**Q** 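I am attaching a structure below and will ask some questions about it afterwards.
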Amino acid sequence: EEEEALRQMHEEAGERLPDRRSEGDSTWLANGAQVELFGLEKAKTLNGQLAEVIGFDDEVRRYRVRLHSDSTVKVVAKKNIRLAPEPPQAPLQPQAQPPSVQLP
């Protein structure tokens, strides 16, 4: 209770304390992490959507993510987020060789 009062006091003073996403979770996700939503029951249409972690809501202990498709922000439980697969690398194109100059 005292800790929460201190947190609220700092926030009112314009200071932002670190959120609690890492408490008890060794695999927490940092802001900027690219993720995929899955296993959602109430919002099944969001399954498979790619998003970026933009914050954490301490009150409900859920991540705030911004969808790539339309930039809307959703609040999602960690169990419904996984790191997005790396996009496939484009095959390297051979560099065009400059025309060779023939000397007489």
Side-chain angles (χ1 to χ4, degrees):
E1 194 172 290
E2 186 176 308
E3 183 180 319
E4 188 57 38
L6 183 61
R7 175 184 286 283
Q8 187 174 359
M9 185 177 75
H10 282 283
E11 285 182 5
E12 288 171 0
E15 299 172 16
R16 183 74 179 127
L17 295 177
D19 59 44
R20 297 176 172 166
R21 74 180 89 189
S22 64
E23 288 180 7
D25 184 359
S26 62
T27 61
W28 60 274
L29 300 167
N31 288 357
Q34 301 302 304
V35 297
E36 179 183 5
L37 307 183
F38 74 101
L40 294 164
E41 294 294 323
K42 293 181 181 175
K44 290 182 180 188
T45 58
L46 297 178
N47 289 327
Q49 291 272 341
L50 298 178
E52 177 180 349
V53 173
I54 60 167
F56 187 79
D57 187 324
D58 284 335
E59 241 178 75
V60 293
R61 306 220 22 104
R62 288 183 169 35
Y63 284 87
R64 291 186 306 114
V65 300
R66 179 176 292 120
L67 299 178
H68 289 304
S69 61
D70 61 6
S71 296
T72 59
V73 174
K74 303 294 182 185
V75 179
V76 185
K78 169 87 184 295
K79 69 178 185 174
N80 298 113
I81 301 173
R82 61 180 161 221
L83 287 176
E86 292 288 323
Q89 297 266 334
L92 294 176
Q93 299 295 324
Q95 296 267 336
Q97 296 294 324
S100 59
V101 177
Q102 293 192 349
L103 299 173

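None of the values given here were measured: they were computed from a predicted structure. Start at 1 with the first residue, then count along the sequence.
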**Q** Would you check if Arg64 and Phe56 make a side-chain contact, meaning some heavy-atom pair closer than 4.5 Å?
**A**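 Side-chain contact under 4.5 Å: no.
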**Q** Check step by step if side-chain contact (heavy atoms from CB on, under 4.5 Å) holds for Lys74 and Leu67.
**A** CA-CA 8 Å; Lys74 303 294 182 185; Leu67 299 178; 4.0 Å; yes
**Q** Could you go through the side-chain contact (heavy atoms from CB on, under 4.5 Å) check for Val65 and Val73 one step at a time?
**A** CA-CA 5 Å; Val65 300; Val73 174; over 6 Å; no
**Q** So does Asp58 get a backbone contact from the side chain of Asp19, meaning a donor-acceptor N/O pair under 3.5 Å?
**A**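 No, the answer is negative, given that no donor and acceptor are paired below the 3.5 Å cut-off.
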**Q** With the 4.5 Å side-chain cut-off for hydrophobic clustering, are Trp28 and Leu83 part of the same group?
**A** yes
**Q** Please check this pair: side chain of Lys78 against backbone of Asp25, looking for a donor-acceptor N/O pair closer than 3.5 Å.
**A**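 No: the side chain of Lys78 does not pair with the backbone of Asp25.
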**Q** Could you tell me which non-hydrogen atom of Ser69 sits nearest to which non-hydrogen atom of Gln49, and how far apart they are?
**A**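 Nearest heavy atoms, Ser69 then Gln49: OG-OE1, 2.9 Å.
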**Q** State the CD-NE2 distance between Glu36 and His68, to the nearest 0.5 angstrom.
**A** 10.5 Å
**Q** To the nearest 0.5 Å, what is the distance between CZ on Arg20 and CD on Glu59?
**A** 10.0 Å
**Q** Tell me, do Glu23 and Arg61 make a side-chain contact under 4.5 Å, heavy atoms counted?
**A**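 They are in contact (side-chain heavy atoms under 4.5 Å apart), so the answer is yes.
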**Q** So, Tyr63 side chain and Leu29 main chain: donor-acceptor pair closer than 3.5 Å or not?
**A**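 The answer is yes, because a donor-acceptor pair under 3.5 Å joins these two groups.
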**Q** State, to 0.1 Å, how close Ala84 and Leu50 come at their nearest heavy-atom pair, and which atoms those are.
**A**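 Shortest heavy-atom contact: CB-CD2, 3.9 Å.
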**Q** To the nearest 0.5 angstrom, please state how far the CG atom of Leu40 sits from the CG atom of Leu46.
**A**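 Taking CG in Leu40 and CG in Leu46, the distance rounds to 6.0 Å.
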**Q** Quick one: does any side-chain atom of Asn80 pair with a main-chain N or O of Phe38 as donor and acceptor, under 3.5 Å?
**A** yes
**Q** Between atom CZ of Arg21 and atom OG1 of Thr27, what is the distance when rounded to the nearest 0.5 Å?
**A**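 Reported value, rounded in 0.5 Å steps: 12.5 Å.
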**Q** As an exercise, state the distance from CG of Leu37 to CG of Asn47, rounded to the nearest 0.5 Å.
**A**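 The CG atom of Asn47 is 7.5 Å from CG of Leu37, to the nearest 0.5 Å.
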**Q** With the threshold set at 4.0 Å, does a side-chain nitrogen-carboxylate oxygen contact exist between Arg66 and Glu52?
**A**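 No salt bridge links Arg66 with Glu52.
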